[in-house]
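Step one of this worksheet: look at the structure below.
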Amino acid sequence: MAQIELDGINRIFQLGDSQVHALRDVSLRIEAGEYVAVMGPSGSGKSTLLNLLGLLDRPNAGHYRLEGRDVTTLSADEQAAVRSARIGFVFQSFHLVPRLTAAENVALPLMLAGIPPQERTSRVTQALKDFGLEPRAHHRPDELSGGQRPRVAIARATIMRPAMLLADEPTGNLDRATGHEVTALLEALNAAGTTLIVVTHDPAMGARARRRILMEDGAIRQDQRAAAAAPEAPDAVSAPPPR
Ligand code: ADP
Ligand code: MG
């Protein structure tokens, strides 16, 4: 049983009189622990696919089995529970809550999951430490640097220790150095066992993923796995990019 099994997924958006067929008969298997880059031109259905995988949206047709369980037919509350326990999501603009501190943003998923305050505090403290954010714990997003904000977003996405991490163009708005840092953080989580599925326009990140899915016009055009060649040096990501 694959961790993710999509069968005949279709997603159609109604726009007035016209319909947008955002996903057409998408079938896909992803195993636990994979590192998948989803690529393709703008409008090809990448975000729609990621939102469905993250249970933020429902297909018009087809089935999604997550860890063997059909999640397409669950109620909204049941889906929210699965999302909370199993799925972390990192958005391009990070969606931090502006009036909450870094610590409060990271604590949000724990609060929603009903984790008691004492455990919440200790887990948030540890996460802030892990992501080098301890000195920034009580600062709001607008008081954080461009490099700290994505770290808060990733800490928040992983505080529930999800089985899979979904990221929609996480490096899209970042300068090169910060983008590399975010890539390294996501890859470290993948190396520790979390399934990583990243929508990216960045060919370098696509090349680093062990599997590349190319979307075109709502369908999967290519699904390539990297040869099991010698792994790159683990610190390759922090090396300066070639010019
Ligand atoms: P990508 O992420 O690859 O750029 P999307 O998945 O966002 O593409 O969009 C795929 C297609 O579906 C596009 O034509 C887009 O305009 C359309 N679409 C996406 N979300 C919606 C929506 N909520 N309502 C209407 N159309 C949408
Ligand atoms: Mg998109």
Side-chain angles (χ1 to χ4, degrees), residues 1-14 20-40 43-97 105-115 152-170 172 186 189-190 193-200 209 211 213 215 218-220 223:
M1 170 192 83
Q3 184 177 43
I4 291 169
E5 300 176 331
L6 299 183
D7 280 302
I9 294 284
N10 281 273
R11 182 69 175 102
I12 298 162
F13 293 108
Q14 193 77 42
V20 179
H21 212 141
L23 293 176
R24 303 169 187 267
D25 284 323
V26 170
S27 296
L28 178 64
R29 304 244 167 315
I30 295 175
E31 305 290 337
E34 279 199 73
Y35 176 7
V36 182
V38 180
M39 309 191 73
S44 58
K46 305 180 299 295
S47 294
T48 304
L49 175 64
L50 212 67
N51 290 341
L52 282 164
L53 289 174
L55 297 176
L56 299 170
D57 188 22
R58 289 172 186 272
N60 296 85
H63 283 276
Y64 172 12
R65 265 181 303 280
L66 177 59
E67 298 168 336
R69 177 186 194 194
D70 190 336
V71 289
T72 13
T73 53
L74 298 181
S75 72
D77 283 351
E78 290 168 327
Q79 285 196 342
V82 173
R83 196 163 57 235
S84 161
R86 309 303 292 162
I87 303 170
F89 214 109
V90 179
F91 299 91
Q92 179 172 26
S93 46
F94 306 123
H95 293 191
L96 298 177
V97 182
N105 267 282
V106 175
L108 268 183
L110 300 172
M111 292 186 67
L112 295 175
I115 308 288
V152 175
I154 296 171
R156 185 181 59 182
T158 53
I159 191 76
M160 291 290 291
R161 304 178 190 121
M164 59 196 249
L165 190 55
L166 309 174
D168 197 348
E169 301 191 35
L186 296 175
L189 291 158
N190 172 250
T194 311
T195 307
L196 177 59
I197 306 175
V198 192
V199 170
T200 182
R211 181 176 177 189
I213 291 176
M215 305 278 305
I220 295 176
D223 187 348

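In this text the structure is predicted, and so the values were computed from the model without any measurement. For the numbers below, each heavy atom of this structure counts, side chains included, while hydrogens, waters and symmetry mates do not.
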I would like to know whether Leu49 and Ile9 meet side chain to side chain contact (heavy atoms under 4.5 Å, CB included); could you show each step before the answer?
CA-CA 9 Å; Leu49 175 64; Ile9 294 284; 6.0 Å; no
Could you tell me which residues satisfy side-chain hydrogen bond (donor to acceptor under 3.5 Å, both in side chains) with Arg24, sequence neighbours excluded, listed by chain and number?
none
State which residues pass salt bridge (Lys or Arg N to Asp or Glu O under 4.0 Å) with Asp168; sequence neighbours excluded, sorted by chain then number.
none
Got a second to check how far Thr48's OG1 is from Asn10's CG, nearest 0.5 Å?
12.0 Å
Say whether, by atom type as modelled, one donor and one acceptor occur between the side chain of Lys46 and the main chain of Gly40 under 3.5 angstrom.
yes
Would you mind listing every ring-ring contact (aromatic ring centres under 6.0 Å, His included) that reaches into residues 48-94, with sequence neighbours excluded?
Phe89-Phe91, Phe91-His95
Hey, could you give me the CG/CG distance between Leu165 and Asn190, rounded to the nearest 0.5 Å?
9.0 Å
So, for Ser84 and Ala113, which heavy atoms are closest and what is the spacing to 0.1 Å?
OG-CB, 3.8 Å
Please report the shortest heavy-atom distance between Pro109 and Arg156, naming the atom on each side.
CG-O, 3.5 Å
Side chain to side chain contact (heavy atoms under 4.5 Å, CB included) between Leu189 and Thr158: does it pass, once the steps are laid out?
CA-CA 9 Å; Leu189 291 158; Thr158 53; 3.7 Å; yes
To the closest 0.5 Å, what do you measure between CZ (Arg83) and CG (Leu166)?
11.0 Å
Picking from Val38, Asp25, Leu28, Leu23, what satisfies side-chain contact (heavy atoms from CB on, under 4.5 Å) with Ile220?
Leu28
CG (Leu50) and CE (Met215) are apart, to the nearest 0.5 Å, by 10.5 Å
Give me the atom names and distance for the closest heavy-atom approach of Leu52 to Pro59.
CD2-N, 3.2 Å
Any donor-acceptor pair under 3.5 Å linking the side chain of Ser27 with the backbone of Gly8?
yes
When rounded to the nearest 0.5 Å, the distance separating CD1 of Ile159 from CD1 of Ile154 is 13.0 Å
Value for CE (Met1) from CD (Glu31), rounded to nearest 0.5 Å, stands at 9.0 Å
Note, Ile213 side chain near Ile197 side chain (heavy atom, < 4.5 Å):
no
Minimum heavy-atom distance between Val97 and Asn105, given as atom pair plus value:
N-OD1, 2.7 Å
Checking Asp57 now: which residues fulfil salt bridge (Lys or Arg N to Asp or Glu O under 4.0 Å) with it, not counting sequence neighbours?
Arg11
Testing the basics here: between Val90 and Ala157, what is the closest heavy-atom pair and its distance to 0.1 Å?
CG2-CB, 3.7 Å
Here the pair of heavy atoms bringing Thr200 nearest to Ala37 is CG2-CB, 4.2 Å
Test salt bridge (Lys or Arg N to Asp or Glu O under 4.0 Å) applied to Asp223 - qualifying residues, sequence neighbours left out:
Arg211
Partner residues of Gln79 under the side-chain contact (heavy atoms from CB on, under 4.5 Å) criterion, sequence neighbours left out
Leu55, Arg58, Leu74
If you count every heavy atom of other residues, nucleotides or ligands that lies below 6.0 Å from Arg69 atom CZ, does the total exceed 12?
no
Testing Arg29, Arg65, Glu67 one by one against Gln3 for a side-chain contact (heavy atoms from CB on, under 4.5 Å), which residue passes?
Glu67
Test side chain to side chain contact (heavy atoms under 4.5 Å, CB included) on Ile4 and Glu34; report intermediate values, then the result.
CA-CA 10 Å; Ile4 291 169; Glu34 279 199 73; over 6 Å; no
